[in-house]
**Student:** 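Just passing along the structure, written as structure tokens.
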Amino acid sequence: MPNLDCKDTFCQTSNSCDEIASKLKPVSFQIDEVVFDMSPKAYLHQGEVCQFAIAENPLDKANGRAYIFGDLFLKHFYAIFDYD
């Protein structure tokens, strides 16, 4: 990936997210028995630069490779509980 800048567990590029999304593959996460697929447009965030919004949790050294699932993930996968 041209202009890719990775620091620790976080990557970004000066290219636009629209420009690089077609060059990337979907990412899948398996939690228990459920597989969640995310397209590149779902895991890229355009700000001043294009950021890869999936990063390893650098604070969690005890559990190995733990990841944080924040709003970028949750806005694509959520549950609605309707008690009525």
Side-chain angles (χ1 to χ4, degrees):
M1 181 69 47
N3 304 321
L4 187 63
D5 177 23
C6 293
K7 296 177 182 160
D8 298 319
T9 61
F10 183 77
C11 294
Q12 62 187 23
T13 180
S14 58
N15 298 66
S16 74
C17 290
D18 289 334
E19 182 182 339
I20 66 167
S22 64
K23 299 175 185 171
L24 299 172
K25 294 182 179 182
V27 172
S28 298
F29 293 96
Q30 183 171 351
I31 302 173
D32 287 327
E33 297 174 5
V34 179
V35 176
F36 299 92
D37 295 314
M38 295 182 74
S39 69
K41 288 194 176 209
Y43 65 79
L44 295 173
H45 172 71
Q46 186 68 56
E48 291 182 28
V49 295
C50 179
Q51 300 172 330
F52 290 75
I54 299 171
E56 195 173 342
N57 181 0
L59 302 176
D60 188 10
K61 303 213 185 303
N63 293 317
R65 300 183 68 166
Y67 290 82
I68 297 172
F69 292 89
D71 66 335
L72 187 81
F73 176 81
L74 294 173
K75 74 179 180 181
H76 296 284
F77 307 101
Y78 59 90
I80 298 174
F81 298 98
D82 183 3
Y83 292 105
D84 293 330

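For the numbers below, each heavy atom of this structure counts, side chains included, while hydrogens, waters and symmetry mates do not.
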**Student:** Rounded to the nearest 0.5 Å, what's the gap from CD on Glu48 to OG on Ser14? Could you check?
**Tutor:**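 Atom-to-atom, Glu48:CD and Ser14:OG are 12.5 Å apart.
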**Student:** Show your working on side-chain contact (heavy atoms from CB on, under 4.5 Å) between Leu44 and Phe52 and close with a plain yes or no.
**Tutor:** CA-CA 5 Å; Leu44 295 173; Phe52 290 75; 3.8 Å; yes
**Student:** I'd like to know whether CD of Gln30 has more than 12 heavy-atom contacts from other residues, nucleotides or ligands below 6.0 angstrom.
**Tutor:**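 It does: Gln30 CD has more than 12 such atoms within range.
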**Student:** Got Val35 and Ser28 here, is their nearest side-chain heavy-atom distance under 4.5 Å?
**Tutor:**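 Val35 vs Ser28: side chains touch.
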**Student:** Side-chain heavy atoms nearer than 4.5 Å, only ILVMFWY residues, links allowed to pass through others: does that put Val27 and Ile31 together?
**Tutor:**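 Yes, Val27 and Ile31 fall within the same hydrophobic cluster.
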**Student:** Given the rule in the side-chain contact (heavy atoms from CB on, under 4.5 Å) test, do Ser16 and Gln46 qualify, once you have shown the distances and angles that lead to the verdict?
**Tutor:** CA-CA 7 Å; Ser16 74; Gln46 186 68 56; 3.9 Å; yes
**Student:** So if you build clusters from Ile, Leu, Val, Met, Phe, Trp, Tyr with side-chain heavy-atom gaps below 4.5 Å, do Leu4 and Val49 land together?
**Tutor:**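 No, separate clusters.
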**Student:** If you measure from CD on Glu19 to CG on Asn3, what distance do you get to the nearest 0.5 Å?
**Tutor:**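 One finds 8.5 Å between CD of Glu19 and CG of Asn3.
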**Student:** Under 3.5 Å, side chain of Thr13 to main-chain N/O of Cys50, donor-acceptor pair present?
**Tutor:**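 Answer holds: no.
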